[in-house]
Amino acid sequence: MHLSPDEIIFWQYGVIKLNATIVFTWVLMAIMVLGAKLITRKLTTNLRRSRWQNLLEIIVTTIEQQIASIGLRQPRQYMGFLGTLFLFVAIANLCTIFPGYEPPTGSLSTTLALALCVFIAVPLFGIRKNGVKAYLASYMQPVWMMLPFNIISELSRTLALAVRLFGNIMSGSMILAILLVISPFVFPLVMTALGLLTGMVQAYILFVLAAVYIAAATQTATQLNTPDPSPVTEKRPLPKP
Amino acid sequence: MLIDWFTVSAQIINFLLLVWLLKRFLYRPIQNAIDAREQQTAKIVADAAALKTQADQQLQTYVKNNQQFAEQRTSLLNEATEQANVERDKLIKDARQTTEQLRDSRMQSLEQELTAIQQDIVKQNMDEVYAVSHQVLSDLADEDLQQQMFKRFIQRLQSAFTGDSRQLDAIKLKPGSAPVVRSTFTLSNEQQQQIEQLLAQQLLSPLASATTQTAGKSVNEKSNSLHLDYQLVDELLCGIEININGWKLAWSGNNYLHTLQQSALKLSAQSSAFSATAVKENEKDKKLIHEQNSTVDGETH
């Protein structure tokens, strides 16, 4: 039993190695890209469209709505990053139903990589929206003495993102493996279903938290102190991690 | 160590590559398709809104036209009703006038018929009276009555010759025409002589000179007398009548009866005219009352 798919190494040359995390990530990437390519190859703009196109449109529009509901006024600007984050984690977790599959999200390296992407993307979106000075000034809100605490908050939440996702997925896989040993048949099936639910919830949590961080970074200091006069959509309460 | 930094780096690269690929092959095509469809939908909605606006305008035009048609229909109906009422009143008035005229003419004809019947009745009555009187006088006529009438005739003839000189002037004997004496009974010779002498005294003295110039005439100059033509006539009712070249003197029961009959007829005609005038006045009063009632009815209606 492996704690992380990183330990499953197919090929290695020095520090360069192909472990299960990278391989399954490529497989997922291939599936997602090829599927998107195949489906979007025959897109129609009229009222009659295929069910696969309908499925993709539902997914894309739902993600847009969720981004907008969090407070980002132009959701298409963040659709690439946030949508990919959600879809990758969700599909990686959903594929646990296939035997022999090791979810890349069960690797702390993957979750840390995603958290680092969020950690880097948040200030990039904030600077692009408000500029460097305004973004850096947000670290001294509400008073300058909050600067170290804000920095610690940035680092800790990135670590929390990585560890939360890794812990949930890894624990789910570990529990399932243990249950398969002690009680095969029915109970592992239930735990698999529970693992699918947990994986979807974790994907949603990662997506929402990243969106919230980006939304907080893109808001100016004035906007932070005053309520939004005209929200695009109704804001829903943030889910608790 | 759970963190393999090579894997971390590779996963970062993989994730960024996946972001770019999904943007390229998933999000952008889907969003473009959605945008195109939304534009089409917006165009359809705009067209529908334009059609709805056009339909609303047509509906308003239709409603407005309907209102105008209804107003025109009401106006025409009122006008037609008014014309019908006027025409009805006119027809009723004409019918009343025609009825009144027919009634008047009928009443006039009835009055005329009544008058004619009354006149006929009076005339028949008078004729009957005349006939009865004639019959009575005829039955009562005898020699004594004839004698009395003759005396009376002689008195009248004398008074005609002596009383009025203008009558005498009007009596002119023409040569060849003998005076005609008509009577119911045959006159005796004495009575004939008495008439002849009287006529000779009155008529021949002015003709004395003229008779010498005409010969073969009815007047006998030598005997100093007249030739009279005596005729018997029953219709005189024991009377006597003399006709001298158009001048006529008669005294008879028939003459009296005839005078009585003419007077009765004249009186009957006057009575009929008076009754007709009264009926007309009565009709005029009825008409006036009827018109007043009609005026009152029209004002109250």
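Throughout, protein chains are lettered first and strands after them, A, B, ... in sequence-line order, and every chain is numbered starting at 1. The figures that follow rest on heavy atoms only: side chains count, while hydrogens, waters and symmetry mates do not. Just so it is clear, the model here is predicted, and its values are computed rather than measured.
For A:Thr61, the part sitting under 4.5 Å from any heavy atom of chain B is the side chain, from C-beta outward, and nothing else. Interface residue A:Leu85: backbone and side-chain heavy atoms are both found under 4.5 Å from chain B. Of the two parts of A:Leu56, the backbone and the side chain both hold a non-hydrogen atom closer than 4.5 Å to a non-hydrogen atom of chain B. For A:Arg49, the part lying near chain B is the side chain, with the backbone staying farther off; criterion is any non-hydrogen pair under 4.5 Å. For chain A, the nearby parts of B:Gln31 are the backbone and the side chain; heavy atoms of each come within less than 4.5 Å. Contact of A:Ile16 with chain B is made through backbone and side chain together, with heavy-atom distances under 4.5 Å. Of the two parts of A:Leu116, only the side chain, counted from C-beta on, holds a non-hydrogen atom closer than 4.5 Å to a non-hydrogen atom of chain B. Heavy-atom distances place the backbone of A:Val15, and not its side chain, under 4.5 Å from chain B.
With respect to chain B, the highest number of heavy-atom pairs below 4.5 Å among A:Leu28, A:Thr111, A:Ile63, A:Leu114 belongs to A:Leu114. The greatest number of non-hydrogen atom pairs below 4.5 Å with chain A, out of B:Leu26, B:Asn14, B:Leu22, B:Ile34, is found for B:Asn14. Here A:Leu87 is the residue among A:Ile120, A:Leu87, A:Ile39 with the most heavy-atom pairs under 4.5 Å with chain B. Across A:Ala113, A:Pro104, A:Cys117, the residue that shares the most heavy-atom pairs under 4.5 angstrom with chain B is A:Ala113. If you tally non-hydrogen atom pairs under 4.5 Å between each of B:Ser9, B:Ala33, B:Ala36 and chain A, the highest count goes to B:Ala33. Chain B forms the most heavy-atom pairs under 4.5 Å with one residue out of A:Met32, A:Gln53, A:Lys17, and that residue is A:Lys17.
Taking 4.0 Å as the cut-off between side-chain N and carboxylate O, A:Arg76 and B:Asp35 count as a salt-bridged pair. Salt-bridge formation is not detected for the pair B:Asp94/B:Lys90: no Lys NZ or Arg NE/NH1/NH2 atom is positioned less than 4.0 Å from an Asp or Glu carboxylate oxygen. Comment: B:Asp89 does not engage B:Lys93 in a salt bridge, judged by the lack of any side-chain N to carboxylate O separation of less than 4.0 angstrom.
The backbone N or O of A:Gly14 lies less than 3.5 Å from a partner atom in the side chain of A:Gln12, making a donor-acceptor pair. Between the side chain of A:Ser109 and the backbone N or O of B:Asp4, at least one donor-acceptor pair lies under 3.5 Å. With hydrogens and angles ignored, the 3.5 Å screen pairs a side-chain donor or acceptor of B:Arg37 with a backbone N or O of A:Thr44.
Judged by distance alone, the side chains of B:Gln112 and B:Gln108 never bring a donor and an acceptor atom under 3.5 Å apart.
Of the inter-residue distances, the one linking A:Thr96 atom OG1 with A:Leu196 atom CG reads 4.5 Å to the nearest 0.5 angstrom.
Classification of the A:Tyr204-A:Phe207 ring pair by plane angle, with boundaries at 30° and 60°, yields tilted.
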